[in-house]
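Everything below concerns the one structure shown next.
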2 protein chains.
Amino acid sequence: MLKNNRKNYHHGDLKTALVDAGLSELEEKGLESVSLRSIAARVGVSHTAPKNHFDGLRGLLTAIAAVGFERHAQEMSSGVEHLPPGKERLKAACNGYVRFALSNPELFKLMFSSTLCDASDPELKKAAWNSYGILRGVAHGLDWDKADAPGSPWRTEWMLWSMVHGYAMLLIEGQIRRNDDGTPLFEMDGLLPDFAYREAELEKMPPPFEGRGSVEI
Amino acid sequence: MLKNNRKNYHHGDLKTALVDAGLSELEEKGLESVSLRSIAARVGVSHTAPKNHFDGLRGLLTAIAAVGFERHAQEMSSGVEHLPPGKERLKAACNGYVRFALSNPELFKLMFSSTLCDASDPELKKAAWNSYGILRGVAHGLDWDKADAPGSPWRTEWMLWSMVHGYAMLLIEGQIRRNDDGTPLFEMDGLLPDFAYREAELEKMPPPFEGRGSVEI
DNA sequence: GAGAAAAAATTTACAGTGGAAATATGGAGC
DNA sequence: GCTCCATATTTCCACTGTAAATTTTTTCTC
């Protein structure tokens with residue numbers, strides 16, 4: 001007996017349907033309240049049907065997180081293409097990072113939860129790296145007080161990443177006061193300290209969509 | 001029938017016993033796996049006994065988080081007392097912030113989860129403010145590129161807090177590579193950018209244990 | 001086309017979970 | 001002795017994720 005107005009016994013594309021339903025359930029009910037059963041019910045399928053496509057709830061959440069990282073990357077790079085390399089591009093990308101988190105708080109929390117997601121999943125890994133690559137790309141050549149010690153190419157990246165990520169997290173969790181309309185007192189670019197680029201490196205800055213990560217952190 | 005080798009029907013101090021048991025369960029089983037029932041069982045009482053002392057699981061977790069913030073504050077201020085005001089004191093406190101997160105990852109995540117905790121709880125609020133007050137105290141007078149715009153006394157604080165918190169979070173969630181022994185590549189003080197203090201403000205820096213927060217963010 | 005094999009979905013069962021309600025226990029005060 | 005009340009227990013319910021056996025449909029092979 002078919003629960004939905006589904007014509008066929010086989011759904012056809014249950015995998016993506018479940019991910020879509022999961023994305024909706026996530027923001028509606030919150031990360032702690034999503035359940036495999038409710039997601040399955042939303043699609044109109046039995047609660048054990050997902051087993052054929054995902055490795056349990058964790059597997060489904062992992063797939064959802066992967067989509068999250070794709071959208072995250074998109075939000076960071078949207079409107080960045082036509083900005084000149086350097087400060088402006090960096091600030092725009094950082095704003096995108098935080099904007100995404102504020103628009104999709106539950107998804108954002110899921111994406112960075114190593115207990116709810118399987119961080120070793122290839123698709124998630126790829127999507128996460130893609131996303132981080134955007135940040136890494138716009139920060140290329142960043143000269144934050146002559147930061148990088150020899151052999152430590154990540155210091156500046158991590159410094160920037162930590163700040164953006166921490167700000168997003170603290171905002172989401174209600175730790176930092178916001179305006180009455182819910183917008184943050186500062187956009188991310190208003191929080192960033194003064195910095196400069198090494199001019200020599202600047203022209204080597206990759207275009208925003210090619211800064212994809214391929215190196216292990 | 002008494003489950004434990006408890007003498008009395010009435011436990012005596014079940015409230016603190018539950019919090020203690022919860023703290024243990026938390027790091028042993030992980031944040032997503034702690035249950036009211038397992039905590040109660042650990043103490044040797046029925047799973048509904050906590051109801052008399054806490055408002056459900058959420059209430060118990062809130063109380064646990066409050067203890068977490070107390071320890072967090074302690075970790076930040078330990079060894080800070082005898083350092084001169086300024087850079088050294090700030091760096092030591094920041095190291096403590098991250099050190100605590102790495103030593104108590106599950107507790108740390110709980111403390112900053114607005115869904116798992118009741119952020120409006122007075123005791124949690126107080127403990128969280130105490131903790132933030134430490135950071136705020138050692139950062140008093142911090143001059144990060146003449147940061148604070150008029151009317152925005154929090155900008156520098158938030159910048160610093162975001163970075164420290166983000167770094168802790170990213171480390172905990174396994175997003176940032178660590179050394180083989182699990183220690184981070186950089187301690188927090190090694191990640192901080194160069195900064196200075198406004199000398200005039202420096203002498204007004206409160207001692208580390210008095211920088212308690214009393215202002216609403 | 002027929003029949004076997006594989007894939008996808010179902011039903012059923014089970015051990016957990018948190019919470020609500022009714023009940024039992026024991027200590028404090030009189 | 002007694003009652004009152006805080007505390008803890010038992011019982012029950014709705015819900016969760018997972019596993020196993022089963023049914024249904026598609027696909028592949030002949």
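Below, chain A is the first sequence line, B the second, and so on; all start at residue 1.
The separation between Glu32(A) atom CD and dT16(D) atom C1' is 14 Å, rounded to whole Å. In this structure, Arg37(B) places its CZ atom 11 Å from C1' of dT11(D), rounding to the nearest Å. Put simply, CG on Asp13(B) is 18 Å from P on dA6(D), counting in whole angstrom units. As a whole-Å value, the separation of Glu25(B) CD from dG18(C) P is 11 Å. Phe54(B) has its CZ atom 12 Å from the P atom of dT7(D), to the nearest Å. Distance Leu61(B) CG to dG18(C) P: 9 Å, rounded to the nearest Å.
Using modelled atom types and a 3.5 Å distance limit, the side chains of Tyr167(B) and Trp161(A) yield no donor-acceptor pair. Between the side chains of Tyr132(B) and Glu157(B), at least one donor-acceptor pair of N or O atoms lies under 3.5 Å.
Under 3.5 Å, the side chain of Ser46(A) and the base of dT11(C) form no donor-acceptor pair of N or O atoms. Taking only distance into account, the side chain of Asn52(A) never meets the base of dA7(C) through a donor-acceptor pair shorter than 3.5 Å. A donor and an acceptor atom sit less than 3.5 Å apart, one in the side chain of Thr48(A) and one in the base of dT11(C). A donor-acceptor contact under 3.5 Å links the side chain of His47(B) to the base of dG19(C).
No donor-acceptor pair under 3.5 Å is formed between the side chain of Ser131(B) and the backbone N or O of Ala127(B).
Using a cut-off of 4.0 Å between Lys/Arg side-chain N and Asp/Glu carboxylate O, Arg42(A) and Glu28(A) are scored as salt-bridged.
In terms of position on DNA chain C, the residue among Asp55(B) and Leu14(A) whose nearest nucleotide sits closer to the 5' end is Leu14(A).
Nearest to the side chain of Leu36(A), among dT18(D), dT7(D), dA9(C), sits dT18(D).
Residue Lys51(B) places at least one side-chain N or O closer than 4.0 Å to OP1 or OP2 of dA20(C).
Among the protein residues, Ser35(A) comes within range of the sugar-phosphate backbone only, with heavy atoms under 4.0 Å from sugar or phosphate atoms but none that close to a base.
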